[in-house]
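All residue numbers refer to positions in the sequence shown, counting from 1. Every value quoted in this text rests on a predicted model; they were computed, and no experiment measured them.
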Amino acid sequence: MHHLPPLKSVIAFEVVARLGNISKAAEELNLTPSAVSHQITNLENFVALKLFNRTSRGVALTPAGERYQQSLAGALALIASAAQNARADDGIEVLRVHASPSFASLWLMPRLPHFMHEHPDIRIRLSASYMHSDFSQGEIDLDIRYGAARWADLHVETIATEEVMPMVSPALAARLKLGTPQDLLQQSLIFSEVNLVQWPQWFAAHGILLAPSQYALSFDRAYLAIEAAIQGLGVALDSAWLANAPLKDGRLVPVFPDRKGIRVHAHHLVYPATHGKWAKVERFKHWLLAQVQLG
């Protein structure tokens with residue numbers, strides 16, 4: 001494998017890049033500073049690029065070194081993952097999924113038991129945040145992202161078209177007797193900071209250019225806004241797809257008989273193209289899309 005760089009030099013590079021100091025790297029690697037410098041020189045000769053600049057405090061990555069570090073982080077994580085898989089003797093694969101918190105809690109979690117039953121040889125490791133996964137770190141296999149699809153360097157597959165509409169508890173709906181979008185201007189509105197469609201856009205879409213400047217409640221998670229509406233604390237503007245369960249069982253109702261929703265493509269399955277070749281990713285994707293079709 002003459003196309004591979006010297007692995008000792010790669011390891012030395014990773015430690016020096018992480019610590020920013022050759023002497024500290026030498027201590028961690030149990031080598032002399034000169035030996036570490038020699039490994040860095042070997043790697044720079046191999047890639048024909050300068051990877052570090054010396055500074056008064058140690059060393060700093062050059063732009064080429066930064067690019068190399070970013071690519072290398074994912075590769076080293078994959079090597080560690082491969083070693084972990086090789087040690088496993090139960091035939092279980094781990095699928096590392098990241099999702100937005102509201103999608104994970106409201107939609108995915110209730111359906112995961114079905115996946116686990118259908119695919120007992122795959123163990124799901126689920127993490128949730130509104131920060132998008134950095135695939136270069138090698139810690140996530142696929143990401144279920146919320147937002148506008150603007151990730152040109154990744155495979156992107158929109159999961160579903162969802163409807164964002166005003167929703168309210170049945171008791172509050174009966175008390176307020178709302179008839180037109182204009183009526184909502186005088187009500188306690190629940191603001192969800194993360195939604196693609198916000199109250200000002202919804203009012204504008206229905207011919208009302210004046211929108212509230214303050215809201216009764218504001219949340220940074222859609223599931224909190226939906227729960228607040230269930231509790232009768234106000235009118236939420238949120239995804240009927242994520243609120244499918246409370247809308248079905250009657251804990252929530254559309255404010256208007258014709259719903260007056262706005263359709264958006266907001267949830268997407270995202271991963272590097274190479275991950276699509278992995279059987280565990282392909283199986284999860286097919287299962288997820290089938291679940292979407294079931295409603």
Side-chain angles (χ1 to χ4, degrees), residues 99-114 128 130 144 146-147 158-268 288-295:
S100 62
S102 295
F103 178 88
S105 62
L106 295 176
W107 195 92
L108 185 57
M109 285 292 290
R111 292 166 174 81
L112 273 184
H114 178 267
Y130 281 110
I144 303 171
Y146 179 81
T158 300
I159 295 174
T161 301
E162 57 186 333
E163 183 183 19
V164 178
M165 67 177 191
M167 55 188 76
V168 68
S169 70
L172 188 57
R175 187 164 73 249
L176 296 179
K177 294 181 171 57
L178 300 168
T180 68
Q182 187 84 26
D183 295 338
L184 285 175
L185 290 172
Q186 309 304 320
Q187 305 305 323
S188 296
L189 301 182
I190 298 169
F191 184 75
S192 182
E193 298 173 4
V194 298
N195 283 353
L196 282 184
V197 179
Q198 303 285 4
W199 279 113
Q201 288 91 347
W202 184 87
F203 279 116
H206 293 87
I208 302 170
L209 299 182
L210 179 66
S213 58
Q214 295 183 338
Y215 299 90
L217 291 166
S218 295
F219 297 102
D220 64 352
R221 298 288 187 270
Y223 65 81
L224 293 176
I226 291 171
E227 181 59 32
I230 291 173
Q231 298 300 325
L233 301 180
V235 181
L237 179 69
D238 225 300
S239 166
W241 191 51
L242 291 182
N244 180 59
L247 286 168
K248 272 190 173 182
D249 63 26
R251 286 177 292 155
L252 284 177
V253 295
V255 171
F256 305 105
D258 60 355
R259 299 167 75 93
K260 299 192 185 303
I262 297 176
R263 293 190 170 275
V264 293
H265 305 294
H267 288 91
H268 316 275
L288 184 144
L289 294 177
Q291 290 295 305
V292 170
Q293 292 300 316
L294 291 174

Exercise for review: Could you check if a side-chain atom of L247 sits within less than 4.5 angstrom of a side-chain atom of P254, using non-hydrogen atoms only?
Suggested key: yes
Practice item. Please determine, by modelled atom types, if S102 and Y130 share a side-chain donor-acceptor pair under 3.5 angstrom. Key: yes
**Study point:** Side chain proximity check, L176 to Q187, heavy atoms < 4.5 angstrom
**Key:** yes
Exercise for review: Return yes if some donor-acceptor pair links the side-chain N/O of S188 with the main-chain N/O of G234 below 3.5 Å, else return no.
Suggested key: no
Check your understanding: Is there side-chain contact between I159 and W241, with at least one heavy-atom pair below 4.5 Å?
Key -> yes
Review point. For A174, does its backbone N or O pair with a side-chain atom of K177 as donor and acceptor, under 3.5 Å?
Key: yes
Review point. Is L189 close to L237 at the side-chain level, that is, under 4.5 Å between some pair of heavy atoms?
Key: no
Study note, to complete from the structure: Across all chains, not counting sequence neighbours, the ring pair (Phe, Tyr, Trp, His ring centres under 6.0 Å) partners of Y146 are H267
Exercise for review: Output yes when a side-chain donor or acceptor of Q186 lies under 3.5 Å from a complementary backbone atom of D183, and no otherwise.
Suggested key: no
Review point. Taking the side chain from H265 and the backbone from T158, do they hold a donor-acceptor pair closer than 3.5 Å?
Key: no
Exercise for review: Could you tell me whether the side chain of Q291 reaches within less than 4.5 Å of the side chain of H114, counting heavy atoms only?
Suggested key: yes
**Study point:** side-chain contact (heavy atoms from CB on, under 4.5 Å) partners for A211, two or more places apart
**Key:** P200, F203
Exercise for review: Measure up the W199 and W202 rings against each other and bin them: parallel (under 30°), tilted (30 to 60°), perpendicular (over 60°).
Suggested key: perpendicular
Exercise for review: Would you check if I208 and Q182 make a side-chain contact, meaning some heavy-atom pair closer than 4.5 Å?
Suggested key: yes
Check your understanding: Is a donor on one side and an acceptor on the other found under 3.5 Å between the side chain of S169 and the backbone of I230?
Key -> no
Review point. Side chains of E163 and S239: does their closest heavy-atom pair fall under 4.5 Å?
Key: no
Check your understanding: Sequence neighbours excluded, which residues qualify as side-chain contact (heavy atoms from CB on, under 4.5 Å) partners of L224?
Key -> F219, D220, R221
Review point. How close do P166 and F256 get, heavy atom to heavy atom, and via which atoms?
Key: CG-CE1, 4.2 Å
**Study point:** Student check: side-chain heavy atoms of V253 and M167 closer than 4.5 Å
**Key:** no
